[in-house]
2 protein chains.
Amino acid sequence: MNRRAKKSSSVTSRDVAARAGVSLMTVSRTLRTPDLVSPATRQKVETAARELKYVPDLAAGALSSKRSGHVAVLLPSLRHSGFLRTVDGLSDTLRANGYHLLIGDCYYSPEEQTELLRLILGRRPEAIVLVSSMDSPEARELLDQAAIPIVETWDWPSDPADMVVGFSQYEAGYALSESLIELGYCNIGFLGGPAHTDPYGEQRRKGHVAALEKAGLRADIHVTVSDTPMEIQDGVTGVSSLRRRFPETDALVCATDMTALGALTECQRRGWQVPGELAIAGYGNFDFAPHLTPALTSVKLPSYRMGKQAAELIVAQIDNGTQPADASRNLGFEIIHRQSTQP
Amino acid sequence: MNRRAKKSSSVTSRDVAARAGVSLMTVSRTLRTPDLVSPATRQKVETAARELKYVPDLAAGALSSKRSGHVAVLLPSLRHSGFLRTVDGLSDTLRANGYHLLIGDCYYSPEEQTELLRLILGRRPEAIVLVSSMDSPEARELLDQAAIPIVETWDWPSDPADMVVGFSQYEAGYALSESLIELGYCNIGFLGGPAHTDPYGEQRRKGHVAALEKAGLRADIHVTVSDTPMEIQDGVTGVSSLRRRFPETDALVCATDMTALGALTECQRRGWQVPGELAIAGYGNFDFAPHLTPALTSVKLPSYRMGKQAAELIVAQIDNGTQPADASRNLGFEIIHRQSTQP
DNA sequence: AACTGCCATGTTAACGCTATCATCGCATAT
DNA sequence: ATATGCGATGATAGCGTTAACATGGCAGTT
């Protein structure tokens, strides 16, 4: 069962044309603009194409028409399920409009991002979606020269490159901690990754700090965990470290629900009451959040919607050639209070 | 800030050649086979390329060289985090070898799969990875004609199309239920999706049934939930339905950890002791499995490794032109017993 | 000095498609 | 009948790159 030649003699539009007794141009037309072809001819071509199992070479078409049919998305990580929802939203809408999605994983590294960007621009994508705040000046230059629509997501940049469909991580951080303050907590800690590898977490932390300072509360309870705070284990070790260094902490905000889960289970293991002794909240409203015991307070983010609307903006701009009026959309977030932060 | 012309006058290798004072062929050579170019010339070309920010058009290169540099992967769903790990493994290895990954989401539907396959074959991928057991005859035909390496994953097909890096869902199903029998459970139920939309779950269930029958136990305790058993809610409603219809059940196998989580929390809510009254186990060993209370027994699947090894097989075959000796790899699985099934 | 061989570079012709313009009928208007 | 217009199809010329072959120059050999 091991055939699969190195390269098959692929069926081309010329083959189909010969079989249908027309010119290859008519084949192209039949497939792309059937209205311009007489029904009889169309019939012949379609039959021939089916019989030969013709699959048009999109790269050739792209080269000729200068439309690659590609849209690229750059992710900080493929492991983060929230980002994946965004990819999902993109994929759904783009496919429905005839585009293919190219996915690039930057491993949370600006160098990787630039390198990958260069590589991916070689595919001449018609638009680029960035889930990633860390664009280096070099990356920015590359994007500028490419002169294609850009949509930034998962953020609310002060100096947007082009379009934006996102929300403010800072505001989310501010709002969550503010609401904890309202609930009466006053020693509120933050558990997140190092600033340079976890930019979103860092922005959330900044908002968190601002809220505490505004309320006149201490803002120095901060535990830094490993590179990308998406590992449950980070929550496990993080909460232990927190309780050792800051035993007076009464509420803990975790950079993601994943770390919150770790923190939660570690508290259970150690017999620390949640929310009695320590309230816990996270970000992302992951699937499991409402199903934990206690149910986890979390900030719901517009993950899927960002992808979907980013795709819609792209399609609209490419089709119309003009940018939609509302090409900067702040989709906000929603704080969902659950048992884990009940005073 | 709205520039971004419809189409920029892209820099081509001809431009670089002119600037460097060489022929465009020398530019191509400098980039692809620098050893064949004298150091002085190479220098000139590289400088010119950098100054002009030249990004080679990979589609044009693909057309000419008949090497697209694309590898495609077809997924039943983008939502399933297990599949994502596989994509991760693919992506890592393929990128390191200069390939781009095209991702297609089939929405658990054979029609979508065939349609998507046709579309994606238009990109002339150099290999295809299938995470998906449902290839229709039509899809099979398309693949045959494409004559490219195929790697099937997440399965152990009896009639493989080409290479395989997977494991047997049936055996996993058999093994898990067998181990529950050994632990002394005798009314073991199964909670999964409908056969036609959840093929993996169905195979697991068949293995499960076989194990029960072998042991002379009843094998009719079966709850069917919604289309894709990846929703926690399915576990919630599923376990209620189970307890109503089969109150004598003492252990429940869920098609995924996601449904197991739902079942677990619903049991807690209702006050049903786990594992006292009902033992619960799942598949996938999701991140949260060891962190639940009780910790969830689960079957660990080689998600990342399948992707990585699939990519390695592909690269090896394309580079060497010959198929590696061990082009069918059963990576097995591992049953991890935890508290949720402790007798 | 003429010959051989090889290295560095250039020239030409695709790759498979689409844009563009040309052509050819045929129906309708004059 | 001739002119006009338009719908359907065909011929041609690229798109930006690489494969394959051609060329030219220079070192080493006899």
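These numbers come from a predicted model, not from an experiment. Chain A is the first sequence line, chain B the second, and so forth, proteins listed ahead of strands; every chain is numbered from 1.
- Centroid-to-centroid, the aromatic rings of B:His70 and A:His70 come within less than 6.0 Å.
- Residues A:Arg85 and A:Asp88 are not paired through a salt bridge, judged by the lack of any N-O separation under 4.0 Å between the basic side chain and the carboxylate.
- Using a 3.5 Å distance cut-off with no hydrogens or angles, the side chains of A:Gln323 and A:Asp162 do pair a donor with an acceptor.
- Taking 4.0 angstrom as the limit, A:Lys66 places a side-chain polar atom (N or O) nearer than this to OP1 or OP2 of D:dG16.
- There is a side-chain donor-acceptor pair under 3.5 Å between B:Thr114 and B:Ser136.
- As a whole-Å value, the separation of B:Asp35 CG from C:dT9 P is 13 Å.
- Note that CZ of A:Arg140 and CD of A:Gln145 are 15.0 Å apart. Values are rounded to the nearest 0.5 Å.
- B:Thr26 has no side-chain polar atom (N or O) that falls below the 4.0 Å cut-off from OP1 or OP2 of C:dA8.
- For the pair B:Ile148/B:Glu126, no side-chain contact is recorded, criterion being any heavy-atom separation below 4.5 Å from C-beta on.
- Neither OP1 nor OP2 of D:dA11 sits under 4.0 Å from any side-chain N or O of A:Ser23.
- To the nearest angstrom, P of C:dG16 lies 14 Å from CG of A:Leu52.
- Proximity note for A:Ser38 (side chain, C-beta onward) versus C:dC15, C:dT9, D:dA8: the nearest is D:dA8.
- Between its two ends, the helix from C:dA1-D:dT30 to C:dT30-D:dA1 turns its axis by 50°, counting five pairs per end and rounding to 10 degrees.
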Report all interatomic pairs (protein N or O, nucleotide N or O of nucleotides 18-20 of chain D) with separations under 3.5 Å.
{"unit_1": "D:dT18", "atom_1": "OP1", "unit_2": "B:Arg32", "atom_2": "NE", "d": "3.0"}
{"unit_1": "D:dT18", "atom_1": "OP2", "unit_2": "B:Ser28", "atom_2": "OG", "d": "2.2"}
{"unit_1": "D:dT18", "atom_1": "O4'", "unit_2": "B:Ser64", "atom_2": "OG", "d": "2.7"}
{"unit_1": "D:dT18", "atom_1": "N1", "unit_2": "B:Ser64", "atom_2": "OG", "d": "3.4"}
{"unit_1": "D:dT18", "atom_1": "O2", "unit_2": "B:Ser64", "atom_2": "OG", "d": "3.1"}
{"unit_1": "D:dA19", "atom_1": "OP2", "unit_2": "B:Arg32", "atom_2": "NH1", "d": "3.4"}

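- A salt bridge is absent between B:Arg42 and B:Glu46; no separation between the charged side-chain nitrogens and carboxylate oxygens falls under 4.0 Å.
- One atom, CZ of A:Arg67, and another, C1' of C:dT18, lie 13 Å apart when rounded to the nearest Å.
- If you measure from atom CG of B:Leu63 to atom P of D:dT17, you get 12 Å, rounded to the nearest angstrom.
- A side-chain donor-acceptor contact under 3.5 Å links A:Arg67 and A:Tyr99.
- Here the rule is side-chain contact (heavy atoms from CB on, under 4.5 Å) with A:Val16, and of A:Leu24, A:Leu52, A:Thr47, A:Val22 only A:Leu52 fits it.
- At C:dT9, one or more side-chain N or O atoms of B:Thr41 fall inside 4.0 Å of OP1 or OP2 (strictly under the cut-off).
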